[in-house]
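These notes concern the structure reproduced below.
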Amino acid sequence: MTSTASTAAPTRTIRIGSRKSQLALVQTYWVRDELQKQFPDVAFEVHTMETHGDKVLDVSLSKIGDKGLFTQELEDSMLRGDVDFAVHSLKDLPTRLPEGLMLGCVTEREDPADALVVHAKHQDKQLDTLPQGAVVGTSSLRRLAQLRHHYPHFTFKDIRGNLNTRLRKLDEGQYDAIILAVAGLERLGMGDRVHQTLPPEISLHAVGQGALGIECRAGDADILAVLKVLEHTPTVHRCLAERAFLRELEGGCQVPIGVNTALSGDHLTLSGIVASLDGQTLIKNQIEGAATDAERLGVQLAQQLRTQGAQAILDEITATSRS
Ligand code: DPM
């Protein structure tokens with residue numbers, strides 16, 4: 001007699017690497033549960049590890065450099081064969097991956113926008129009505145530069161820590177408002193803290209924001225076949241265009257570069273911005289074309305922004321962050 005799938009011993013084990021933060025674990029368990037439904041015979045194991053970015057909490061992110069800050073330990077583990085794939089927020093995954101690894105899957109994107117989260121005393125306020133000098137917390141150079149441009153009368157202050165820590169600092173009164181990704185709040189069941197969703201005219205989001213990127217060994221056909229079931233093609237087109245744009249500008253994850261994409265049928269529109277840190281200069285443009293040309297569109301838009309003066313801004317930021 002043959003046994004049923006539910007009682008049979010697992011035919012194989014797949015090991016998933018994850019950071020230990022609450023958001024990382026929620027994302028990893030979501031991926032595991034979705035895969036488990038489709039592959040009931042596979043035993044999925046989650047292996048957690050700390051990355052360099054999790055350990056250095058006191059230094060501003062933009063100062064410690066970014067190449068693989070939240071990914072390197074996971075990548076080493078995949079290359080050693082200790083784990084088979086790793087789940088990341090796509091926006092934390094560098095656009096150039098180490099030799100031997102690849103972006104194996106991009107999942108359906110949630111709302112990629114940034115959100116304003118306010119202290120209780122500002123419940124009746126929006127960005128346009130927050131008072132002169134309001135203390136706004138962010139350590140994203142992208143958010144800082146764009147908001148400074150539109151709201152030069154705010155006082156911007158660095159903020160570090162995981163989402164709960166940041167919300168606590170806000171609620172304690174250390175800030176009047178903070179800026180966070182809508183997607184992160186929603187995944188942690190705190191979507192009710194989104195007070196105002198920032199429109200693209202105010203803040204273009206980070207490359208890959210709202211999507212999960214699953215990294216695996218290049219050409220690992222067995223694992224790729226498993227991951228394929230979670231792939232969301234429209235999100236792939238949008239995010240490949242965004243990532244090509246960022247890669248071409250040679251920006252790491254901590255640069256004042258923002259994007260927005262829209263897909264209508266197979267027609268893709270990509271908007272991009274490079275902003276100076278003081279918010280004085282915003283270099284913006286838009287390109288459209290076939291979704292199947294996503295990466296080429298991203299590269300072209302980057303080249304356009306460069307001819308408009310984006311490179312000078314990026315060079316200056318690189319020079320100051322090294323000094
Ligand atoms: C990256 C940035 C931030 C994270 C820079 C940026 C925000 C840093 C900060 C690349 N990664 O967006 O310009 O505000 O201090 C991060 C978040 C999420 C993934 C949290 C957030 C959740 C959203 C998602 C941190 N990484 O952006 O508020 O999965 O897309």
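Only this structure's heavy atoms are used, side chains among them; waters, hydrogens and symmetry mates stay out. Ligands are counted one by one from 1 in listed order, and the atoms in each one are counted from 1 as well.
Using a 4.0 Å cut-off to heavy atoms of Ala181, the atoms of ligand 1 that qualify are 21 (C), 23 (C), 27 (O), 28 (O). Against a heavy-atom cut-off of under 4.0 Å, Leu180 is close to the following atoms of ligand 1: 28 (O). Every atom of ligand 1 with a heavy atom of Ala206 under 4.0 Å away is listed here by number and element: 12 (O). Per-residue contacts place Ser89 under 4.0 angstrom from the following atoms of ligand 1 (heavy atoms of the residue considered): 19 (C), 24 (C), 29 (O). Atoms of ligand 1 lying under 4.0 Å from any heavy atom of Arg187, numbered from 1 in the order shown and given with element: 24 (C), 29 (O).
Proximity annotation for atom 9 (C) of ligand 1: of Arg160, Arg166, Arg142, Arg166 comes nearest, heavy atoms only. The closest non-hydrogen atom to atom 6 (C) of ligand 1, taken over Ser140, Ala24, Ser139, comes from Ser140. The nearest non-hydrogen atom to atom 27 (O) of ligand 1, considering only His88, Lys91, Gln209, comes from Lys91.
The side-chain hydrogen bond (donor to acceptor under 3.5 Å, both in side chains) test with Asp114 singles out one residue from Gln146, Gln196, Gln209, and that residue is Gln209.
In this structure, Phe245 CZ and Leu305 CG are separated by 4.5 Å, a value rounded to the nearest 0.5 Å.
Between His122 and His119, the ring planes lie perpendicular to each other; the angle is over 60°, past the 30° to 60° tilted range.
Heavy-atom neighbours of Gln123 CD from other residues, nucleotides or ligands within 6.0 Å: above the threshold of 12. In the displayed structure, Glu50 atom CD is contacted under 6.0 Å by more than 12 heavy atoms of other residues, nucleotides or ligands. Other residues, nucleotides and ligands contribute at most 12 non-hydrogen atoms within 6.0 Å of the NZ atom of Lys228.
Both tests pass for Lys157 against the ring of Tyr175: distance under 6.0 Å to the centre and angle within 45° of the axis.
With respect to the salt-bridge test (charged N to carboxylate O, under 4.0 angstrom), the residues Arg243 and Glu295 do not qualify.
The closest approach between any non-hydrogen atom of Leu23 and ligand 1 is below 4.0 Å.
Residue Gly210 has at least one N or O atom closer than 3.5 Å to an N or O atom of ligand 1.
Residue His205 does not touch ligand 1, judged by heavy-atom distances below 4.0 Å.
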